[in-house]
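So the structure is just underneath, and the comments pick up after that.
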Amino acid sequence: MLDIHFIRENADLVKAGAEKKRIPVDIDRLLSLDDSRKTLRGELDDRRAEQNRASGNIANAHGEEKEKLLEAMRHVKQGMADTEEKYKEVMKEWQELMLTVPNIPDMSVPEGESDADNTEVKVWGEKPTFDFTPMNHVDLMTKLGMADFERGAKVAGFRGYFLKGDGVLLTNAVWQLALKHWTNKGMVPLMAPSLVRRETFMGTGYLPQGEEDLYKTQDGEYLAGTAEVAAMGYHMDETLEMGDLPVKFLAFSPCFRREAGAHGKDVRGLIRVHEFFKWEQVVLCEASHTTSVALHEELNRNTEEFIELLNIPYHTVVNCGGDLGLGQVKKYDIELWVPGENTYREISSASYFHDFQTRRLNIRYRDAEGKMQFAHSLNSTAIPTPRILVSIIENYQQQDGTIRVPAALVPYVGKEILGHSV
RNA sequence: GGAGGAGUGGCCGAGUGGUCUAUGGCACUUGUCUUGAAAACAAGCGUGGGGCAACCUACCGUGAGUUCGAAUCUCACCUCCUCCGCCA
């Protein structure tokens, strides 16, 4: 959510930002509603003042005089009812519109319609060359007993999977290395709920727009697609002290996504599944653009470093305007090389939001002058499993169908080669 | 699932229809005193909206309602706690 004052004073900027994001929004309508809101509010306040003044007199009056005052106030009250009704109507539409106003993308965000227009900003690592035809992760993992997709579908339906044997060892090793990598940087590990109430989804900006991507329970809660939701909710409706900032969480949770708009995409394997696990970086910091930008680079770099530990070729892209979410100011995606598809696939997404989320979640802090400020928020994938296995397995495959374990993971897996028995 | 209790400003907590635009305490800020600090004393100190300002107004879990007037009464919902039952 943006500040209505800011929208009033920077209407053109807000409109241009929405256009860059390809998100339709009627700012002129919002501004005219806001005029009505202010006028009606003023009228109501004046009436209220009158009522409050009279109230004191009524309390002290007696008999006939009191009856006269009461009669007069009944008239005032009738006049207010109408204005109140109008005010409620205006506020309802005002609030709905406010939720549709996107945050303004940064100057450095490139123009573009979709992920096809994202700009590469970094390339790292050497793509492996194979003197045999490399297999994809589905075939490799199935052969090595690391995953079972057929039975996954039998039990869990479309996009279902089991991880098994070395697949579990490898997953667990990634988690442990991640925990070590990020806690060494001073981030606080957090295991967050996936079953989350509607409020927090509104606050993080996933609702009301993203309803169809979420699973919902019969009790009205939603299953989160990322630990960001619960981790951001952690400080909801709280006032933090300057000294508490920055808050840096490394949050773990199961993640659930309906993938409603992606029915034909990535139907095989571990790239796009309904149910997975993710370590997520979630940060609250002081309300400073400079700090947000620095932390954004830092969070993204943390994940790049982790990928470098695994020694997997990747590139980093800056997402174009059309590929940004409602609240995001700027976003980097890290994409890993997938030999089986001969392309890069997204593994991480790092964004900052300024105070867009914290305004909705009411997360504030007292600054050095004692003034209340909305904090800034950021989040970035640390590492998702099992998606990360795709790149590990395909890049580290050997001619005999076995898989070398990346050196950094060997201590956690407990062996150097997966699938020796084959 | 059953029964009961509770939600008040950063925290604790008083307040059951009329100067409550909320008592008091803690914390915090400033000042006096002190070599310095602590203590003591004094003053200030909630968050929004409108206004240049004085000031006006809203907010006591959320939403509706009753009333000239609601933190206070009624209804619904949310959250938390206690006891019983079930249970990894």
Side-chain angles (χ1 to χ4, degrees), chain A residues 1-9 30-99 191-203 207-208 216-222 229-230 233-245 247 254 284 286-287 355 358-375:
Chain A
M1 183 127 56
L2 292 179
D3 184 2
I4 184 65
H5 296 111
F6 178 87
I7 298 173
R8 289 191 77 93
E9 281 160 31
L30 176 63
L31 291 183
S32 104
L33 277 170
D34 195 51
D35 288 337
S36 308
R37 178 183 71 92
K38 287 172 84 166
T39 309
L40 292 170
R41 184 72 258 165
E43 278 176 35
L44 283 175
D45 280 357
D46 290 346
R47 292 294 182 91
R48 276 290 203 165
E50 190 181 344
Q51 203 171 53
N52 287 342
R53 273 194 302 274
S55 183
N57 297 333
I58 291 172
N60 296 323
H62 300 281
E64 209 171 299
E65 196 194 341
K66 183 167 186 168
E67 201 39 58
K68 265 168 75 181
L69 288 170
L70 286 180
E71 187 52 35
M73 286 321 293
R74 274 191 270 271
H75 283 296
V76 172
K77 196 198 175 190
Q78 268 172 8
M80 280 177 78
D82 202 38
T83 313
E84 253 165 24
E85 201 47 49
K86 272 191 223 154
Y87 181 72
K88 268 185 203 169
E89 271 170 42
V90 167
M91 280 311 288
K92 185 164 179 286
E93 195 185 343
W94 185 89
Q95 274 159 347
E96 282 166 4
L97 266 180
M98 281 295 279
L99 288 176
M191 286 200 171
S194 303
L195 198 56
V196 178
R197 305 202 304 137
R198 184 178 174 83
E199 257 177 307
T200 316
F201 280 95
M202 294 288 284
L207 286 176
K216 191 175 180 180
T217 74
Q218 65 267 48
D219 296 321
E221 293 100 352
Y222 295 81
V229 180
Y234 188 88
H235 283 299
M236 175 168 63
D237 289 323
E238 291 182 22
T239 304
L240 304 171
E241 295 300 325
M242 212 33 193
D244 298 332
L245 302 173
V247 173
L284 295 172
E286 60 175 311
D355 60 7
T358 53
R359 221 171 250 288
R360 293 183 174 203
L361 287 164
N362 192 28
I363 300 174
R364 296 179 297 174
Y365 71 96
R366 223 172 271 284
D367 69 13
E369 279 103 55
K371 273 187 68 181
M372 295 291 246
Q373 303 278 358
F374 288 104

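Residue numbers begin at 1 in each chain, while the letters A, B, ... track the order of the sequences. Keep in mind the model is a prediction, meaning the values are calculated, not measured.
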Nearest-Å distance once atom P is located in both B:rC68 and B:rG15
29 Å
Residue met sooner reading RNA chain B from 5', once A:E199 and A:L70 are mapped to nucleotides
A:L70
For the backbone of A:P254 and the side chain of A:S194, can you confirm whether one donor and one acceptor N or O come within less than 3.5 Å of each other?
yes
Shortest non-hydrogen contact from A:A230 to A:P193?
CB-O, 3.3 Å
Which value, in whole Å, describes the distance between the C1' atoms of nucleotides B:rG61 and B:rU79?
7 Å
What heavy-atom pair brings A:V196 and A:T200 nearest, and what distance separates the two atoms?
CG1-CB, 3.7 Å
Nearest atoms (heavy-atom pairs only) where A:L207 meets A:R198
CD1-NH1, 3.7 Å
Which part of the nucleic acid does A:D46 contact within heavy-atom distance under 4.0 Å: base, sugar-phosphate only, or nothing?
nothing
Sugar-phosphate only, base, or nothing, as touched by A:A54 at under 4.0 Å among non-hydrogen atoms:
nothing
Is there a salt bridge (charged side-chain N to carboxylate O under 4.0 Å, His left out) between A:D34 and A:K38 once you walk through the steps?
CA-CA 6 Å; A:D34 195 51; A:K38 287 172 84 166; 5.2 Å; no
Please give the stem ranges for RNA chain B, sorted by first residue number, where a stem is three or more consecutive Watson-Crick or G-U pairs and both donor-acceptor distances are under 3.5 Å.
B:1-7 with B:78-84, B:10-12 with B:24-26, B:28-32 with B:40-44, B:46-50 with B:55-59, B:61-65 with B:73-77
Would you measure the distance from the C1' atom in B:rG13 across to the matching atom in B:rG17 and give it in whole Å?
22 Å
A side-chain contact here means heavy atoms from C-beta on lying under 4.5 Å apart; do A:M372 and A:R366 qualify?
yes
Are any side-chain N or O atoms of A:D3 and backbone N or O atoms of A:H5, one a donor and one an acceptor, separated by less than 3.5 Å?
yes
Using the closest heavy atom to pick a nucleotide of RNA chain B for each, name whichever of A:R48 or A:I58 lands nearer the 5' end.
A:R48
What are the two closest heavy atoms between A:M202 and A:R360, and how far apart are they?
O-NH1, 3.0 Å
Rounded distance in Å between the P positions of B:rU66 and B:rC55:
35 Å
Tell me what A:H5 touches on the nucleic acid: a base, only sugar-phosphate, or nothing, going by heavy atoms under 4.0 Å.
sugar-phosphate
Heavy-atom closest pair (A:N362 atom, A:F374 atom, distance to 0.1 Å) is OD1-CE2, 4.0 Å
How far does the P atom of B:rU74 sit from the matching atom of B:rG25, given to the nearest Å?
32 Å
Taking the same atom, C1', in B:rA6 and in B:rA14, what whole-Å distance lies between them?
16 Å
Integer angstrom distance from the C1' of B:rU72 to that of B:rG7
15 Å
First and last nucleotide of RNA chain B in contact with chain A, 5' to 3', at under 4.0 Å to a heavy atom: what are they?
B:rG18 to B:rU79
Using the P atoms only, state how far B:rU8 lies from B:rG1, rounded to an integer number of Å.
26 Å
